[in-house]
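Heads up: the structure comes next, in structure tokens.
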Amino acid sequence: MSLLRAVLFWFVVTFCEGAEKPHIVFIVADDLGWNDVGFRNPQMITPNLDRLAKAGVILNSSYVQPLCSPSRSCFMSGYFPYHTGLQDGVVRINAAKFLPANLTTIPQKLKQLGYDAHMVGKWHLGFCNWKYTPTERGFDSYLGFYSGDEEYFTHMTNDGKGALDFRFNKTAYKDANGTYSANVFGNRAVEIIENHDDSKPLYLYLPFQDVHGPLEVPPKYENMYKNIENRKRRIYCGMVSALDEAVGNITKALEEKGLMDNLLLVFTTDNGGPTFVAANNLPLRGAKNTLWEGGTKGTGFIYSKSLLKKTGYLNTGMMHAVDWYPTLVELAGGENTDPNMDGVSQYDMLINGGPSKRNEFVYNIYDEREAAAIRYGDLKLMQGSPGDHNGWAPLPHLGIDEDVYEADNQTFPPFMLYNITADPTEHFDLSSKYPDLLDMMKKRLENWKKSRVPAQNDSPVPASNPKYFGGVWSPGWC
Ligand SMILES: *[C@@H]1O[C@H](CO)[C@@H](O)[C@H](O)[C@H]1NC(C)=O
Ligand SMILES: *[C@@H]1O[C@H](CO)[C@@H](O)[C@H](O)[C@H]1NC(C)=O
Ligand SMILES: *[C@@H]1O[C@H](CO)[C@@H](O)[C@H](O)[C@H]1NC(C)=O
Ligand SMILES: *[C@@H]1O[C@H](CO)[C@@H](O)[C@H](O)[C@H]1NC(C)=O
Ligand SMILES: *[C@@H]1O[C@H](CO)[C@@H](O)[C@H](O)[C@H]1NC(C)=O
Ligand SMILES: *[C@@H]1O[C@H](CO)[C@@H](O)[C@H](O)[C@H]1NC(C)=O
Ligand SMILES: *[C@@H]1O[C@H](CO)[C@@H](O)[C@H](O)[C@H]1NC(C)=O
């Protein structure tokens with residue numbers, strides 16, 4: 001009898017638990033600044049994000065990379081970009097750069113654990129060969145664009161070549177011509193949710209195009225900010241609100257389908273806001289594409305109706321974009337078996353409100369120039385130039401329609417040291433005050449550098465030209 005019971009217990013645990021695995025919806029906002037959400041800045045109209053963030057856990061020390069492709073490399077692989085060759089710049093549309101094929105992506109891993117995996121939105125991890133594209137890297141379906149930026153309504157690049165970069169699975173998709181991408185992506189996400197087979201856990205990866213440039217939004221969202229004089233800022237804020245509305249539609253669909261009862265929703269930006277376009281990272285220093293906190297301390301939160309032991313608070317535990325991979329694997333009941341992975345599971349911190357498993361991380365180690373930053377406890381060491389936007393940028397200082405990437409050309413000592421706990425806005429370089437701490441941090445940086453891999457080749461590949469592919473950006477040139 002007791003043997004029967006044991007067998008029965010084993011049966012229940014083994015076969016019924018699968019159905020109980022939580023659904024995961026992972027939403028990435030593109031180029032969203034630290035201060036560009038309503039739960040931080042009353043100027044912003046983001047009722048859906050605010051509601052979810054306040055009922056969930058606001059992540060106050062969740063770090064990302066300074067740029068799009070490197071952060072996505074972290075989310076997908078659990079590796080720092082200086083270990084995947086993606087540490088310098090982004091994956092340009094005509095460069096044979098990609099997330100290395102031997103890395104097991106998070107959708108591949110979750111599929112092994114029984115999940116259906118779908119992706120909607122921006123890939124930006126390479127497409128020169130089909131083997132690097134979303135549907136060959138773990139996703140059951142894909143609707144979106146492969147490159148880093150394009151027009152929001154035509155889904156064509158605005159680089160002078162004016163070619164389509166939009167796919168449904170592997171097929172060029174022209175039916176969305178004229179429809180704003182937040183609507184296209186929001187509607188597709190809702191469709192995936194509505195059609196989801198309830199017996200399986202769902203992983204939905206949703207990297208939106210908003211609020212990356214070019215600044216484009218349907219007038220009704222721009223008009224929500226009539227009080228803002230600067231046209232660029234007004235459009236940018238409208239884009240944030242369009243994204244917010246899409247998130248609202250998605251959460252409504254999740255509720256209606258009954259998936260919300262057992263689900264973790266993650267919301268994160270991919271990097272700090274481009275203050276030189278129209279974003280706002282205040283009070284943080286710097287912007288997108290810099291090693292300052294304004295480029296790397298990401299806006300983010302998690303929400304769940306049932307999984308979080310503690311909610312409605314600001315979590316100050318240190319985490320990094322590479323941690324999502326092992327965290328989601330643990331949430332899915334799996335185990336991370338890769339000893340080289342940079343990410344650590346923050347399941348306990350996020351789900352139980354426990355301490356962070358991380359006391360240090362690499363902001364980035366560049367290959368193209370002698371520049372890097374690392375964190376160890378309170379301390380942050382920066383080597384070389386942190387980037388081109390080094391101030392506490394007020395709202396757009398440029399003219400109404402100008403879109404100029406203007407460097408502020410500051411020069412810096414070879415090494416700088418900040419106490420981020422005491423000085424989160426990076427006003428006080430302590431490098432000359434604490435030479436011993438500076439030495440200690442320099443040694444730590446040297447140690448991290450031992451494992452760096454060279455950056456991938458960034459040169460333009462003429463064979464990528466869409467004229468060879470019927471006017472559509474397509475794989476087949478590497
Ligand atoms: C992937 O390939 C690179 C280059 O050969 C190698 O250094 C790395 O260890 C491999 N990574 C994994 C996870 O297999
Ligand atoms: C994309 O692939 C998914 C999964 O195979 C399928 O359900 C869907 O119909 C496909 N969509 C298109 C437009 O090919
Ligand atoms: C989208 O529509 C615009 C305006 O009608 C047109 O110029 C463009 O060629 C269309 N794009 C595609 C890929 O069909
Ligand atoms: C949200 O849903 C409403 C109602 O279906 C729709 O009118 C609106 O366009 C959707 N918004 C987005 C951003 O997809
Ligand atoms: C920075 O240097 C570039 C190149 O020399 C120059 O064009 C630009 O005007 C400078 N920017 C500022 C703010 O001084
Ligand atoms: C950094 O700041 C924290 C908080 O003020 C303080 O406890 C710590 O001692 C400081 N570290 C150094 C090296 O000054
Ligand atoms: C949250 O982060 C901001 C920006 O770095 C910082 O000013 C604030 O003190 C942090 N809040 C807490 C409770 O640590």
Side-chain angles (χ1 to χ4, degrees), residues 10-26 28 62-65 70-87 98-119 125-126 131-140 200-205 262-264 266 268 302 304 307 317-352 354-362 365 447-448 450-453:
W10 171 82
F11 182 87
V12 167
V13 166
T14 311
F15 294 99
C16 303
E17 207 190 36
E20 299 301 318
K21 289 185 176 182
H23 307 292
I24 299 166
V25 175
F26 196 100
V28 180
S62 172
Y63 284 86
V64 286
Q65 294 296 129
S71 279
R72 288 153 212 270
S73 165
C74 298
F75 298 147
M76 276 296 129
S77 71
Y79 278 75
F80 288 131
Y82 88 101
H83 287 151
T84 63
L86 293 172
Q87 64 272 53
F98 41 77
L99 183 69
N102 64 350
L103 297 169
T104 305
T105 64
I106 185 69
Q108 284 168 337
K109 186 79 182 174
L110 291 174
K111 277 189 73 65
Q112 289 167 11
L113 295 166
Y115 279 69
D116 276 351
H118 296 276
M119 171 169 174
L125 286 173
K131 70 180 176 192
Y132 302 124
T133 62
T135 45
E136 295 207 6
R137 303 228 57 183
F139 290 105
D140 296 312
K200 292 179 96 183
L202 170 69
Y203 169 61
L204 179 55
Y205 174 57
N262 183 25
L263 179 142
L264 181 73
V266 175
T268 176
I302 54 171
S304 176
L307 300 168
M318 185 193 292
M319 76 173 282
H320 188 274
V322 290
D323 296 340
W324 288 114
Y325 186 118
T327 303
L328 299 184
V329 169
E330 184 172 349
L331 183 72
E335 222 182 314
N336 173 33
T337 49
D338 179 354
N340 296 321
M341 187 170 288
D342 294 307
V344 292
S345 174
Q346 298 286 13
Y347 180 94
D348 184 50
M349 170 179 129
L350 296 174
I351 304 293
N352 302 328
S356 169
K357 288 271 191 313
R358 176 180 286 291
N359 188 36
E360 59 183 330
F361 65 89
V362 175
I365 297 173
N447 202 41
W448 284 110
K450 284 179 192 156
S451 60
R452 80 207 260 188
V453 305

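Looking at heavy atoms from C-beta onward, Leu125 lies in side-chain contact with Leu86 at the 4.5 angstrom threshold. No side-chain heavy atom of Leu331 sits under 4.5 Å from any side-chain heavy atom of Lys21. Side-chain contact between Thr268 and Phe75: present, with at least one pair of heavy atoms (C-beta onward) separated by less than 4.5 Å. Using a 4.5 Å cut-off on side-chain heavy atoms (C-beta onward), Ile365 and Gln87 make no contact. Looking at Pro326 and Met341, their side chains come closer than 4.5 Å, going by heavy atoms from C-beta outward. Residues Pro22 and Leu264 form no side-chain contact, since every pair of their non-hydrogen atoms from C-beta on lies 4.5 Å or further apart. Contact check for Tyr115 versus Lys200: no side-chain heavy atoms found under the 4.5 Å cut-off. A heavy-atom distance below 4.5 Å is found between the side chains of Ser451 and His83.
Under the 3.5 Å distance criterion, the side-chain polar atoms of Ser304 are matched with a main-chain donor or acceptor of Leu263. Without hydrogens or angle criteria, Thr327 side chain to Gln346 main chain gives a donor-acceptor distance under 3.5 Å. For the pair Gln108 (side chain) and Phe139 (backbone), a donor-acceptor distance under 3.5 Å is absent.
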Would Leu103 and Met76 count as a side-chain contact (heavy atoms from CB on, under 4.5 Å) if you check the C-alpha gap in whole Å, the side-chain angles of each, and the deciding distance to 0.1 Å?
CA-CA 9 Å; Leu103 297 169; Met76 276 296 129; over 6 Å; no
Evaluation steps, side-chain contact (heavy atoms from CB on, under 4.5 Å), between Thr104 and Tyr325
CA-CA 10 Å; Thr104 305; Tyr325 186 118; 3.9 Å; yes
Starting from the C-alpha separation in whole Å, work towards a yes-or-no answer on side-chain contact (heavy atoms from CB on, under 4.5 Å) for Ser77 and Leu99.
CA-CA 8 Å; Ser77 71; Leu99 183 69; 4.2 Å; yes
Stepwise side chain to side chain donor-acceptor pair (under 3.5 Å) test for Glu136 and Thr133:
CA-CA 6 Å; Glu136 295 207 6; Thr133 62; 5.3 Å; no
Would you sort out whether Ile106 and Tyr205 count as a side-chain contact (heavy atoms from CB on, under 4.5 Å), showing the intermediate values?
CA-CA 10 Å; Ile106 185 69; Tyr205 174 57; over 6 Å; no
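Under 3.5 Å, the side chains of Tyr79 and Asp338 contain a donor-acceptor pair of N or O atoms. For the 3.5 Å distance criterion, the side chains of Asn262 and His23 fail to qualify, holding no donor opposite an acceptor.
For an aromatic pair to be called close, the ring centres must be under 6.0 Å apart, and His320 with Phe361 satisfies this. Proximity of the aromatic rings of Tyr203 and Phe26 is defined here by a centroid distance below 6.0 angstrom, and this criterion is not met.
Closest approach of Pro201 to Gly114, counting heavy atoms only: CD-O, 3.4 Å. Between Gln65 and Cys74 the shortest heavy-atom distance is CG-SG, 3.7 Å. Taking every heavy atom of both residues into account, Lys111 and Gly138 meet most closely at CD-O, 3.1 Å. When every heavy atom of Ile302 is checked against every heavy atom of Val266, the shortest pair comes out as CG2-CG2, 4.1 Å.
Of the inter-residue distances, the one linking Tyr347 atom OH with Lys357 atom NZ reads 11.0 Å to the nearest 0.5 angstrom. Interatomic distance, Asp116 CG to Leu202 CG, rounded to the nearest 0.5 Å: 7.0 Å.
Residues in residues 319-336 take part in these salt bridge (charged side-chain N to carboxylate O under 4.0 Å, His left out) pairs, two or more places apart or across chains: Asp323-Arg358.
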